[in-house]
Amino acid sequence: MKFVDEYRDFEIVQNISKKLRNLNGHEISLMEVCGGHTMAIHRFGIPSLIPDNIKLVSGPGCPVCVSGIGFIDKAIECTKIKDVIITTYGDLIRVPGSKSSLEKEKSKGADIRIVYSTLEALEIAEHNKDKKVIFLGIGFETTAPGTAVAIRKAQSENISNFYLLSAHKIMPPVMEALLNDEVKIDGFICPGHVSTITGSTIYDFIPDKYKIGCVVTGFEPTDLMQAIYMLAKQINSKNQKVEIQYSRVVTPQGNTKAQAIMNEVFETQNDYWRGIGEIAESGLKLKEKYKGFDAEHVFDLRVEPVKENPNCICGDILRGLKNPNDCKLFMKVCSPENPIGACMVSTEGTCHAYYKYNSYE
Amino acid sequence: MSDFITLNHGSGGRASQDLIKSIFIKSFGDINSVLSDSAILNIQSEKIAFTTDSFVIDPVFFPGGDIGKLAVCGTVNDLAVSGAVPKYITASFILEEGLPINDLKKIVNSMAVQAKLANIKIVAGDTKVVQKGKCDKIFINTTGIGVFEEDYSYISTGEKVDINDKIIINGFLGDHSIAVLGARNELGFKVDIQSDCACLNELVQSVIKANIQIKFMRDVTRGGLATVLNELSEIINLGIELDEKEIPIQESVNGLCEILGFDPLYLANEGKVLIVVRSEDADNVIKILNKNPLGVESKVIGEIVSDHPKMLVGKTKVGGKRIINMLQGEQLPRIC
């Protein structure tokens, strides 16, 4: 397939694999902070193509995993509003809240529809004027501009029955929070799609302040292998910096139009990250002038605060400090069918991956 | 006769009789035959294969087929992959009030066409009509009987499968899923993919008749290839290694999967069979399958291994290895 097969070239991948094995063999941990990367790493079997001394750690890059239980509870609260249609990306549908999930509510009769874009959700609002249509906005800088476009469109076209419940988050604060903690990360595989919007300059503080290398990377096996090689070389030569491997899409400045509309519609707020805790100015909420579209502002969505299971060590796993086998709950109470913590929720979460693998060992 | 199904068609009275005669008997049987309570069958076989399946699909018409074709092929294939020769099926219908009679005619006609192609007889049936909204247009249940020319019960149990045996698939994966998604207009763009819905009995018999021992055989339907192979590895307590570059997938299906975040190995099929044979038989089986239009794209896609028992491992196109699990829930499009 054009523009895909070229990046899945057996020879190129094997060559990089050889080069990596010929490096000096220092132990290094590289963290990817994008669910798409985690997915691609597993899909192409990247761990089996790199030497044992290079460890890949999945960071807080899956927006579904890091959204607090509270967000799911609020989304479920939304289903109780009279004449409401909930629109959501497919990822959220199975994520457990404290008592239920959207999937369970749907089977009980709630009108919950999976959409592929924010504009599809807006269209549903246009066609159902007698209903309140709430879009569950989730994702990092990748999806936030799309939500912003829908809000702007709703405003300019006077679509007054469209609302946003926002779990949008931004990437740099959580990366800094991890680095301020005692983490064992030697380099970041930086998200490709987030960076397409933000540009690579948002990571400049990481090598400057923390001496940690960053390579912005695409989602194909040649991309990932090359990025791992670039990071290993940076670390070996102690020349940590921000590099763009995904240069066919990402520039240092990013997509300034998308940034502008995001800034027009959203402002940052302190936000809660499942498994990590509250991080200052890491979430996005609608600005004052768009308050009329903010589901939390318009509807009473107060939910009881829920404590995560104190035995869950997802926070340490997301920081690369522990692995799932260190957890008391792992494979006993916590499983893909009954996920307790963030890393078990998504199919590509670290615990989920370990669960599949270890159950056969 | 009216243009739409009414509750009257399910009353058991004159309207029911008319419907049965003018549509079902006309397509499936002999218009002059007496309608009795049971079909009487002639079966000379010590063992028979017996299966049942219900069909619900939205939309009922899709590129490459409709619910009627699906209902016949589905049951025929379940019999065929057990090593049996399908002979008779029954067809029961639950119809929603308001279903256009013409739609019913089309569906029944495509059942008749498939039955003829598969050389089976539709020998019994039933019709119920439910109020509008109580079912989605039409639900069909088919039950089938197949006979064995030899005892092939080991084909279903996988008991003869051994290390080094080869895994064969008869063509492109995922076409049915994508065709149906496209017909639902859920993709947001047009697709030109046709469902692979087809009766596989002739194809399967061509291998059996060549005196090749089929060690295991399943049709690859919901849950996709990944699910069938995970089941097999569990049953036989051995590992399975898939060579992903050999798996036949149409470029357009692959492209859509890239966009939507689907893995084609989990997509549903309605005309695909997975066959496990001895390594030395594999080339011959491919040659035989290639002769049938339903087997032109047949490929050896993997083998049974002693490593990682009960686990399906894929050798990726770039030479990596990944574990391929059973599908949990329905595949959902991802954000990123």
With side chains defined as the heavy atoms from C-beta onward, is the minimum distance between B:V318 and A:L49 less than 4.5 Å?
yes
What is the distance from atom CG of B:D263 to atom CE of A:M39, rounded to the nearest 0.5 Å?
7.5 Å
Measure the NE2-CG distance between A:H352 and B:N325 for me, rounded to the nearest 0.5 Å.
6.5 Å
Between B:K315, B:K245, B:E258, B:H308, who has the most heavy-atom pairs with chain A when the cutoff is under 4.5 Å?
B:E258
Please determine whether the number of non-hydrogen atoms from other residues, nucleotides or ligands lying under 6.0 Å from atom CZ of A:R8 exceeds 12.
yes
Ring pair (Phe, Tyr, Trp, His ring centres under 6.0 Å) with B:F216: which residues, sequence neighbours excluded?
none
From B:E244 CD over to A:R43 CZ, what is the distance, rounded to the nearest 0.5 angstrom?
8.5 Å
For the pair A:E6 and B:K317, find out whether any cationic side-chain nitrogen is under 4.0 Å from an anionic carboxylate oxygen.
no
Check for a donor-acceptor pair, side chain of A:S48 on one end and backbone N or O of B:G320 on the other, with a separation under 3.5 Å.
no
Tell me whether B:D283 at atom CG has more than 12 heavy atoms from other residues, nucleotides or ligands lying less than 6.0 Å away.
no
A:D52 atom CG: more than 12 heavy-atom contacts under 6.0 Å
no
What are the two closest heavy atoms between B:T316 and A:F44, and how far apart are they?
OG1-O, 2.8 Å
Name each donor-acceptor pair under 3.5 Å that joins a side chain in residues 247-255 of chain B to protein atoms two or more places apart or in another chain, with its distance.
| residue | atom | partner | partner atom | Å |
| --- | --- | --- | --- | --- |
| B:Q250 | NE2 | B:D175 | OD2 | 2.9 |

